Amino acid sequence: MLGNIRVDVSSPIRLDAIEAVVNGALLKPYEVADNSLPAALRLMHRLAYWLAEIQRQARIPVSHRRVVIATEPAPVGAAGLEVQLAVPLASRAGTPLALNALISIINRCQAHPDAAPPAAAFAADFSRLAESLKPYAAPGFNRLHLIDAAFRLDVPVHVIDGQLIRLGQGARSRLVESTLTEQTPAIGHSVAQDKWLTARVLGEIGFPVPTHGLVGSAAEAVELARKLGYPVVVKPGNLDQGLGVSANLRSDTSVRVAYEEARPLSPRILVEKHFDGFGHRLTLYKGQLIAALRRIPGGVQGDGQHSVQELLALQLQLPEVRRNLKMGRVSLDAQALAMLAEQGLSRDSVPPDGTFIALRRKDNISAGGRATPLQAADIHPDNLDLAVRACKALNLDLAGVDLLIADIAVSWRVAGGLICEINTRPQFGPGPEHDNYLRLLQAMMGPEVRIPVHLRLCGAAQTKDTTRQMETFRLRTGCHAWSQGSVVWRDGAPHAHGFANGLAAARAALGDKDIHSLAIGMTVDEIVRRGLPVNRLASISVSPTADWPEAARARLNEALWLTGFERNRVHFEEGPP
């Protein structure tokens with residue numbers, strides 16, 4: 001998004017006060033040292049950063065690149081400095097909305113009577129902004145992190161619809177839907193979606209799996225629970241993210257209640273023998289550990305001094321809990337009180353130091369659970385090998401293996417353990433160093449994510465002569481396909497047609513796995529109005545100088561620069577097209 005902003009420089013800019021208010025609302029504040037710049041430009045650099053960061057915080061994926069230009073120095077006594085901004089646009093409605101809200105907040109900070117405006121005075125503004133940006137957030141959990149990782153690695157990314165995105169170009173592109181990849185086999189994905197079937201496949205070849213069965217009524221659930229022996233787990237057999245799961249059930253009544261809660265969510269309800277241990281999600285791509293998490297159900301860790309009720313209050317003050325609206329947030333509701341009673345405790349009991357008291361029957365963050373990241377060194381080799389072999393058993397390239405075990409550092413062969421499920425759309429979070437999705441994309445895409453792309457700047461008319469010229473240009477640049485206007489040609493023959501403009505034709509070619517190298521024909525007007533389909537070009541060729549008046553050259557160079565190329569990259573010389 002490109003536009004101009006006028007900054008009033010007739011009075012001192014209260015940059016420190018503005019920065020304190022806005023940075024206080026962000027998880028990642030602006031931290032660049034740029035004191036050598038004039039205050040107005042420093043404010044605009046911050047505005048460009050804040051605009052992108054507040055969108056990312058609202059789960060709107062935008063790139064990290066931004067451009068701030070002072071169009072001309074402000075003369076002494078001038079009322080304002082004109083500044084040009086080029087900022088990433090993720091939503092035609094959401095991005096301007098965020099920009100206008102930030103400008104309003106900045107102006108109010110500047111005009112505030114207090115030298116240091118209290119952040120609380122602007123809390124409602126940021127709350128309203130966060131609420132208004134919700135409709136533009138990326139769907140699901142993984143898409144935001146995948147796109148952000150692609151931006152950081154400079155991997156071309158194109159959102160097709162929903163969670164379906166294309167990474168890379170042409171023959172080097174990959175389709176992913178959330179974290180389901182184009183290489184995930186349909187049969188492996190189908191098996192993994194059914195917990196009973198997964199256990200059947202793995203159990204028959206010797207993997208440790210739960211003892212369970214499918215039930216069709218609350219009475220059958222109670223009968224099977226008695227047969228297995230309490231405690232038990234009741235859960236849907238074909239849902240993820242802990243939906244409908246109730247664990248550590250110790251009575252007929254609790255089983256009936258759990259069945260009635262789960263049945264509306266799925267026709268396939270499992271009752272299984274409860275296994276004491278913590279859930280561990282090991283996410284792997286072709287045998288490589290991408291991420292590991294230890295999941296802890298909602299509850300408290302005893303310290304020998306505070307009661308359960310006091311421990312819950314202290315937990316809410318932890319920084320990681322305060323940042324997350326769901327993690328670790330457990331109340332002493334009916335479920336928590338029932339679980340305390342089952343353990344012979346009350347809200348006033350003081351658990352011994354180091355003793356974990358569970359207050360939720362499942363370990364999902366949405367239910368108040370917590371997730372602790374693990375390193376490969378924290379995992380016993382036997383446990384990692386078990387997860388790798390489970391993925392191989394279903395022929396899965398990318399999967400999250402959920403392992404129940406008391407201590408992941410101890411072999412499952414010694415401590416006991418179960419593979420409770422395998423997820424083919426695993427959620428695993430960005431990681432403490434924000435490198436989990438980077439690691440996944442590096443493993444999935446490899447070093448080559450682009451095809452060679454050459455740009456030829458041509459006239460607006462699409463004629464037989466244009467076709468001849470583009471075919472000549474293709475051969476000269478060693479490409480085997482070209483796009484221009486409404487068509488794509490490949491190996492000297494028509495390949496696809498009917499596109500609205502040169503940008504659409506080029507994008508179509510860049511998403512075609514049959515295309516290994518591409519020559520693009522576009523007009524200056526197309527580039528200025530719509531931009532380029534790529535941010536890297538192997539070469540740029542132009543028509544003779546007579547076709548390029550000075551105004552067109554200036555517009556072209558400006559458009560290329562804002563797209564990511566150096567200023568004056570294009571040189572106009574006399575010569576054949």
Side-chain angles (χ1 to χ4, degrees), residues 27-28 141-142 144-145 149 179 240-242 245 247-248 275-285 288-303 306 308 311-330 336 339 351-384 386-388 399-412 415-423 426-440:
L27 296 178
K28 297 179 182 178
F141 180 85
N142 290 310
L144 174 75
H145 300 299
T179 45
D240 299 322
Q241 302 180 27
V245 175
N248 202 17
F275 181 87
D276 280 327
F278 291 105
H280 297 80
R281 165 67 59 83
L282 306 183
T283 301
L284 302 108
Y285 179 74
Q288 175 184 342
L289 183 67
I290 299 298
L293 291 172
R294 183 185 191 218
R295 299 194 301 205
I296 303 170
V300 293
Q301 189 82 12
D303 62 3
H306 296 91
V308 171
L311 289 169
L312 279 177
L314 291 171
Q315 184 167 279
L316 289 175
Q317 302 306 311
L318 295 174
E320 63 270 25
V321 174
R322 293 178 65 183
R323 284 195 298 266
N324 193 302
L325 296 178
K326 295 180 179 179
M327 185 172 73
R329 296 178 181 271
V330 182
M339 293 186 70
D353 186 28
T355 302
F356 179 75
I357 306 299
L359 299 174
R360 286 292 179 266
R361 299 194 186 277
K362 58 184 178 182
D363 59 12
N364 298 78
I365 289 178
S366 59
R370 299 174 65 186
T372 304
L374 302 171
Q375 302 298 320
D378 301 324
I379 305 169
H380 192 282
D382 285 353
N383 299 333
L384 184 56
L386 181 67
V388 171
V401 179
D402 286 353
L403 178 64
L404 283 176
I405 192 168
D407 187 350
I408 197 72
V410 178
S411 171
W412 68 273
L418 295 176
I419 296 175
C420 63
E421 66 177 280
I422 298 179
N423 197 316
Q427 297 179 0
F428 46 88
E433 303 298 327
H434 294 272
D435 60 351
N436 285 347
Y437 288 86
L438 295 177
R439 193 179 302 113
L440 172 60

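Small disclaimer: the values here were computed from a predicted structure and weren't measured.
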Do the side chains of Gln427 and Thr283 get nearer than 4.5 Å, heavy atoms only?
no
Measuring only between side-chain heavy atoms, which start at C-beta, is Leu386 closer than 4.5 Å to Ile419?
yes
Please work out whether the ring planes of Tyr437 and Phe428 are parallel, tilted or perpendicular, with thresholds of 30° and 60°.
parallel
In Å and rounded to the nearest 0.5 Å, what is the CZ to CE distance from Arg360 to Met339?
8.5 Å
Regarding Asn383 and His380, is there a side-chain donor-to-acceptor distance under 3.5 Å anywhere?
no
Partners passing side chain to side chain donor-acceptor pair (under 3.5 Å) against Thr179 (at least two apart in sequence or in another chain):
Asn142
Working to the nearest 0.5 Å, report the span between CG of Asp276 and CG of Leu404.
10.0 Å
Under 4.0 Å between a side-chain nitrogen and a carboxylate oxygen: does that hold for Arg295 and Asp402?
yes
By side chain to side chain donor-acceptor pair (under 3.5 Å), Arg439 pairs with (sequence neighbours left out) Asp435, Asn436
Validation row: Val401, Arg281 side chains within 4.5 angstrom (heavy atoms)
no
Give me the atom names and distance for the closest heavy-atom approach of Val330 to Gly298.
CG2-CA, 3.6 Å
With side chains defined as the heavy atoms from C-beta onward, is the minimum distance between Leu311 and Pro351 less than 4.5 Å?
yes
How far does CG of Leu403 sit from NE2 of His280, to the nearest 0.5 angstrom?
7.5 Å
When you compare the side chain of Asp378 with that of Arg294, does any pair of heavy atoms fall below 4.5 Å?
no
Return the minimal non-hydrogen interatomic distance between Ala358 and Pro297, and the atom names on each side.
CB-CG, 4.5 Å
Kindly indicate, with the supporting measurements, whether the criterion side chain to side chain contact (heavy atoms under 4.5 Å, CB included) is fulfilled by Ile405 and Leu418.
CA-CA 7 Å; Ile405 192 168; Leu418 295 176; over 6 Å; no
To check you understand the geometry: which heavy-atom pair defines the closest contact between Pro426 and Ala399, and what is its length?
CG-C, 4.0 Å
Any Ile296 side-chain heavy atom under 4.5 Å of Phe278 side chain
yes
Would Leu289 and Leu384 count as a side chain to side chain contact (heavy atoms under 4.5 Å, CB included) here? Give the steps.
CA-CA 8 Å; Leu289 183 67; Leu384 184 56; 4.0 Å; yes
Compare all side-chain heavy atoms of Phe275 with those of Cys420 and state whether any distance is below 4.5 angstrom.
no
Thr355 side chain reached by Ile357 side chain, heavy atoms, under 4.5 Å
yes
Go through the steps to decide whether Leu359 and Val308 satisfy the test side chain to side chain contact (heavy atoms under 4.5 Å, CB included), and finish with yes or no.
CA-CA 10 Å; Leu359 299 174; Val308 171; 4.3 Å; yes
